[in-house]
Amino acid sequence: MPDKRVASYDEALAGLDDGMTVMIGGFGDAGVPFGLVEAVLDTAAHDLTLVCNNAGTGERGIAALLKAGRVRRIVCSYPRSSGSHVFDALYKAGRIELELVPQGTLVERIRCAGAGLGGFYSPVGAGTDLAAGKEVRDIDGRAHVLERPLGADFALIAAARADTWGNLVYARAARNFGPVMATAARVVVAEVREIVAPGTLDPECVVTPGIFVDRVVMAEARS
Amino acid sequence: MPDKRVASYDEALAGLDDGMTVMIGGFGDAGVPFGLVEAVLDTAAHDLTLVCNNAGTGERGIAALLKAGRVRRIVCSYPRSSGSHVFDALYKAGRIELELVPQGTLVERIRCAGAGLGGFYSPVGAGTDLAAGKEVRDIDGRAHVLERPLGADFALIAAARADTWGNLVYARAARNFGPVMATAARVVVAEVREIVAPGTLDPECVVTPGIFVDRVVMAEARS
Amino acid sequence: MNAVAIPGRLSRRQIAWRAARDFPRGACVNLGIGIPTLAADYITPDQDIVLHSENGILGLGPAPAPEAADPNLINATKQPITLIPGGCFFDSALSFAMIRGGHIDVALLGALEVAETGDLANWRTNDDRYAPGVGGAMDLAVGARHIRVAMEHVTRDGRPRLRRRCSYPLTAPGVVARIYTDLAVIEVDERGFVAREIISGLGLDDLVRLSDAPIIPADDCRVLEVPALSG
Amino acid sequence: MNAVAIPGRLSRRQIAWRAARDFPRGACVNLGIGIPTLAADYITPDQDIVLHSENGILGLGPAPAPEAADPNLINATKQPITLIPGGCFFDSALSFAMIRGGHIDVALLGALEVAETGDLANWRTNDDRYAPGVGGAMDLAVGARHIRVAMEHVTRDGRPRLRRRCSYPLTAPGVVARIYTDLAVIEVDERGFVAREIISGLGLDDLVRLSDAPIIPADDCRVLEVPALSG
């Protein structure tokens, strides 16, 4: 397996371009690769579609991308939180598109893309506004909604440790969307706090096998 | 979380009855809970449907159940191996029904049941005999087969260690179907080599959370 | 009749306490945002409950001391929590497989409205100025084995939350089995709303007046009793 | 022309050696049962290959000494193997997500027949006396990015395996991109079979006679050369 390390956020985001779809890991702040996300500001990429559970709080991370006008559309389950004023203002002004997806359906659609499947039937959302425009089918007497795979050009995720092959382990509940997003993007970039040699991580405890990861970058304080 | 330990195979299989569907973990011999499987012989259960990757070799494990005439039907991906003479003879004699499923589709159908989904579209099998009788649908220019969830009454799996809550870790490639089958049966029984106190297993490395497991039994040599 | 003026109505913590009493022994429980989260404080050790959080945790423990808070260890409300021995972490796909797959015994959820058919509305109002957010609400409402709601009986301006039909968009149709309010414990079955417990001093007719649907009394309807609770 | 009688035809190990030469640097490769499994022995360290096994392993290493064999560490052929540093284990669902999701760069598979359209038949004959078995064959054939086949050019009784249409049930239609046989290396593209390398002493016309479909030569068609190999 090739060495996946890159020396800078610059290299980590090489190829990121206008109009691309970018997955960003995290639930609340836990698992958001803040350094990588804010480094998107140093690229020229505009008109991005973000796929992430939340829409950022304060002025950091996802909120910083929104504030800088880099994002045209966001696919998420829970955009509003205390502190999501950047998103809230853009939404009110009609300056951002929102595709709202139930959280479990969001992660399952990402998995569906990563697992090479064409779609799945879920009972979640049947009989609600979020099934509008979707195929609904009765399966064993219960209404199910046809959900489609959701892939991306880039996935930006945070992990606790990587080896040079890109095998990853996570920190507690910061795991959340990371392992699934890692399966579903053309270019998967992991921001980590420590990089070790292959064979250091316990093979029974690797959560994301390196085969899914394209680039590993050390987290650094943003200047 | 309640204590999941049971003292004997007898208790571990309580409730197993005629006509039930039983998942059995393992790929080849790795991950087959031999003690539990052979303890099925001590119950009165007949006309079982087995869901497992292989159909047993020699006279042990799954082959022992087949030989004893307990199995009416088997859902698996690869029944024939060197040493699968018990299955081979029953099949030739028309005394066992076989539903052949591609291995990835088999495990995905089990996951589908465990994850509460109604079905999924897979490109695997499209244009082959194994798609016969199934809905085929063009998705983004590619033929996909509609696959249905596959659940069971019992799942019998093998793990390396459990805690008393039923959290499980596995041994190397013996993991295979175990974690997925554990999500998809009404009664999940794990045969293990060691049982430890809650908090002993690293919470980052638990593979099967105890919520999926109903009974934990120590592996014992069969007399 | 203004809700605020009702003597003897339960505090939010008392509602949570009452809901916690009904968690079956050994159950796996998911607590929604709001009053439900408070129920964690009233689970007793003999109940043997394990708490699930949809961000990938089984075995939530109490809040840590502020200086011990780990930003990577938060519940679904994004508050710092701890992990009990025997708890574990997993990714969001497995977490929602647990939810949809019927592996969560009880989801105690907040609500805006519940209809007599068990319809649940808890994810948005009809006010389109604000972006909606759904989170894991629909997954829980559809997937958990028993759906219970903890909420105040009427809104701050006296509008009933128990209704013939929900006026807000549905989270899921026909899923709520039991409701804990500041006034009563109410079952939802094929007959509609059935009052099982009502606070002392309040009659069934009062309860009905504070609702937008019929409520019938259970055969063994009794007084809803809770201890005084601080906080 | 009897296949066995062809002078200079490759051994099974030589077919495997030739296939291994073409694995792209840094690729993740899955090896099917039979000749493909032998290719593991001919991967060189500079190729930086990682081997995947569908029973839940990335990073397969060479076979252990017999006394060191672990029954829980086997490849898809159920032979004992080792794990290289950096390898890891996972469950079957994730393993097949890797396969179907296009995360495996090359699958080198055995075959009964390959058609000029790229159709692959490798899971059963038309003999209904024996139970069929499919294993991961269909998943690999559909999911891996590049599907290559390693097989003998004709059967033991001289029946061509390269065909206009497969006579056996398909594993997947239109997936095979390259074929390594004991006689030639053949690409499959929109033109059909294209010979890129043929063993010394064998002409294109000979190759065509041993096949059930047209084969055209590549512009740069050359001699298929392999070293002597033991085993």
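Reminder, nothing fancy here: chain letters follow the sequence lines and each chain counts from 1.
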When you look at B/E220 and B/Y9, which way does the side-chain hydrogen bond (donor to acceptor under 3.5 Å, both in side chains) test go after all the steps?
-> CA-CA 9 Å; B/E220 33 176 285; B/Y9 286 135; 5.5 Å; no
If you tally heavy-atom pairs under 4.5 Å against chain A, which of B/R142, B/E147, B/R137 wins?
-> B/R137
Starting from the C-alpha separation in whole Å, work towards a yes-or-no answer on salt bridge (Lys or Arg N to Asp or Glu O under 4.0 Å) for B/K134 and B/E99.
-> CA-CA 13 Å; B/K134 297 188 172 180; B/E99 180 180 343; 5.2 Å; no
Between chain B and each of A/G119, A/G116, A/S122, A/A160, count heavy-atom pairs under 4.5 Å; write down the option with the most.
-> A/G119
Indicate whether any N or O donor in one side chain lies under 3.5 Å from an N or O acceptor in the other, for B/N53 and B/S77.
-> yes
Lys/Arg N to Asp/Glu carboxylate O, B/E38 vs B/R60, below 4.0 Å | yes
Turns out that what part of B/D140 lies under 4.5 Å from chain A's heavy atoms comes down to side chain
